[in-house]
There are 2 protein chains.
Amino acid sequence: MMFQLDFRDKRPLYEQIKANIKELIISGILKSDERIPSVRELAQTLTINPNTIQKAYKDLETEGLIYSVRAKGSFVAPFNAAANPARLDELMSELEKILAELVYLNVSQEQAIAVVRNVYEKRGVKARD
Amino acid sequence: MMFQLDFRDKRPLYEQIKANIKELIISGILKSDERIPSVRELAQTLTINPNTIQKAYKDLETEGLIYSVRAKGSFVAPFNAAANPARLDELMSELEKILAELVYLNVSQEQAIAVVRNVYEKRGVKARD
DNA sequence: TGAACTGTATTATAATATATAATACAGACA
DNA sequence: TGTCTGTATTATATATTATAATACAGTTCA
């Protein structure tokens, strides 16, 4: 896979793994139904324990980002807006929290909106293969 | 103080305490140089250990949100944009990450901008007393 | 002055979270 | 039939979180 772990990062390893794979999925680098490395394979690549990978995969499956098939492998889940209704609320709540702090730090509304436009320009709607 | 801990929350207690006090500060409910409860006092109110409060306060002081004076108490720090330069980068990075996921979940740019406008309308520039 | 309060520090202990290690089982596949 | 999958279990080690019990130095105020 195309990411590395950062051992100076204070987050648990399985959280870093989740974040990296999520980024690959939402950025469209990994396509729907594309296979991701097996638990053992990725463990070897990152030189960490397979159980840690398994925990990350299990979480990602719960969040609806991947699915696993016994004896076949793990794959990117096809997009399904309704798959995780709670996640949207969570993200909106986090978004508001961050914006509130930016207000406090005197970041202008224009600057904040500029960031939104930037992200949407860069990652705007793409075909999901 | 005007908040409670949620023991179902998976975050550590000291993180919840930090988040709650930070919210009180950035929302302007707590004013500059206003005194916040003493370590022991808040510990008693929340029925948790004083050391846990102390850890939260220490972190908040490091982040420039409060300051403590030996034998006198802990107080809300006057706003200082330059106090924590790294924090802005961190927030911007988190903001982009959340927006990227919202893009993936088919939330429109208009919806995202509406959230920004809402937060700025609600918490827009106020006098810092 | 002295009692009661402050922040801060230290040491010990317990509980929980995280990570590793070693196996095992059942199904897919060539 | 090997070799690969996901998944599960048990054990162990380490780190993080939380509690508990004290202690010290400085303030506030009756």
Side-chain angles (χ1 to χ4, degrees), chain A residues 1 3-22 25 30 32-78, chain B residues 1 3-22 25 30 32-78:
Chain A
M1 201 93 105
F3 66 85
Q4 295 195 115
L5 295 176
D6 177 3
F7 287 93
R8 295 162 310 179
D9 197 319
K10 68 288 168 201
R11 288 177 302 168
L13 297 179
Y14 74 89
E15 290 286 3
Q16 288 188 53
I17 295 162
K18 286 172 60 181
N20 276 292
I21 294 180
K22 174 179 285 187
I25 293 176
L30 293 178
S32 283
D33 297 312
E34 180 171 345
R35 192 168 178 280
I36 64 178
S38 77
V39 167
R40 293 170 179 86
E41 191 180 333
L42 186 53
Q44 191 166 22
T45 304
L46 300 177
T47 60
I48 64 172
N49 194 280
N51 295 356
T52 304
I53 307 289
Q54 195 192 338
K55 170 155 180 57
Y57 280 16
K58 195 175 186 177
D59 284 7
L60 288 170
E61 185 160 15
T62 299
E63 293 175 23
L65 284 163
I66 69 173
Y67 63 93
S68 297
V69 183
R70 191 187 193 99
K72 301 192 73 171
S74 298
F75 307 85
V76 176
Chain B
M1 199 92 104
F3 65 86
Q4 295 195 113
L5 295 177
D6 177 2
F7 288 92
R8 295 161 309 177
D9 197 321
K10 68 290 167 199
R11 289 176 303 168
L13 297 179
Y14 74 88
E15 290 287 2
Q16 289 188 53
I17 297 162
K18 286 172 60 180
N20 276 292
I21 295 181
K22 173 179 284 186
I25 292 176
L30 294 177
S32 283
D33 297 311
E34 181 171 345
R35 192 169 180 280
I36 64 177
S38 77
V39 167
R40 293 171 179 84
E41 191 180 333
L42 186 52
Q44 191 166 22
T45 303
L46 300 177
T47 60
I48 64 173
N49 194 280
N51 296 356
T52 304
I53 307 289
Q54 195 192 337
K55 169 153 182 58
Y57 279 17
K58 196 176 185 178
D59 283 7
L60 288 170
E61 185 160 17
T62 300
E63 293 174 24
L65 284 163
I66 69 173
Y67 63 94
S68 295
V69 183
R70 191 187 193 97
K72 301 192 72 172
S74 298
F75 307 85
V76 176

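Throughout, a chain's letter reflects where its sequence line sits, starting with A, and its residues are numbered from 1.
Atom-to-atom, CD1 of A/I48 to C1' of C/dT18 comes out at 11 Å; the value is rounded to the nearest Å. A straight line from CG of B/N49 to C1' of D/dA21 spans 10 Å, rounded to a whole angstrom. Atom pair A/I36:CD1 and D/dT5:P shows a separation of 12 Å (rounding to whole Å applied). The separation between B/L42 atom CG and C/dT6 atom C1' is 14 Å, rounded to whole Å. Atoms CG (B/D9) and P (D/dA18) sit 11 Å apart, rounded to a whole Å. With rounding to whole Å, B/L13 atom CG is found 12 Å from C/dT16 atom C1'. Rounded to an integer number of Å, the gap from B/K10 NZ to D/dA18 P is 13 Å. With rounding to whole Å, A/Q44 atom CD is found 14 Å from C/dT20 atom P.
Contact annotation: B/Y14 does not reach the phosphate of D/dA18 (side-chain N/O to OP1 or OP2, under 4.0 Å). For C/dG7, the OP1/OP2 oxygens have no side-chain nitrogen or oxygen of B/K72 closer than 4.0 Å. Neither OP1 nor OP2 of C/dA19 sits under 4.0 Å from any side-chain N or O of A/T52. When the side-chain nitrogen and oxygen atoms of A/S68 are compared with OP1 and OP2 of D/dT7, one or more of them lie within a distance under 4.0 Å. Here A/S74 reaches the OP1 or OP2 of D/dG6: one of its side-chain N or O atoms lies under 4.0 Å away.
Checking each of A/T47, A/L46, A/T52 against A/N49 for a side-chain contact (heavy atoms from CB on, under 4.5 Å) leaves exactly one that passes, namely A/T52. Of the candidates B/V69, B/L30, B/I36, B/V69 is the only one forming a side-chain contact (heavy atoms from CB on, under 4.5 Å) with B/F75.
In this structure, A/N20 and A/Q4 approach most closely via the heavy-atom pair ND2-O, 4.2 Å. Across all their heavy atoms, B/Y57 and B/I66 have their closest contact at O-CD1, 3.5 Å.
Contact annotation for B/E15: no contact, since no heavy-atom pair falls under 4.0 Å across all strands. Here B/Y57 lies out of heavy-atom contact (under 4.0 Å) with every strand. Counting non-hydrogen atoms under 4.0 angstrom, B/R11 reaches nothing in the nucleic acid.
Along DNA chain C, the nucleotide nearest A/A71 and the nucleotide nearest A/N51 are compared for position; the residue whose nucleotide lies closer to the 5' end is A/N51. Positionally, the nearest nucleotide of DNA chain D for A/Q54 lies more toward the 5' end than for the other of B/P50 and A/Q54.
Distance from the side chain of B/P12 is smallest for D/dT17 among the nucleotides D/dT17, D/dT9, C/dC25.
For the atom pair A/I48 CD1 and A/L42 CG, the distance stands at 6.5 Å (nearest 0.5 Å).
Counting atom types as modelled, B/R40 pairs a side-chain N or O with a base atom of C/dT8 as donor and acceptor under 3.5 Å.
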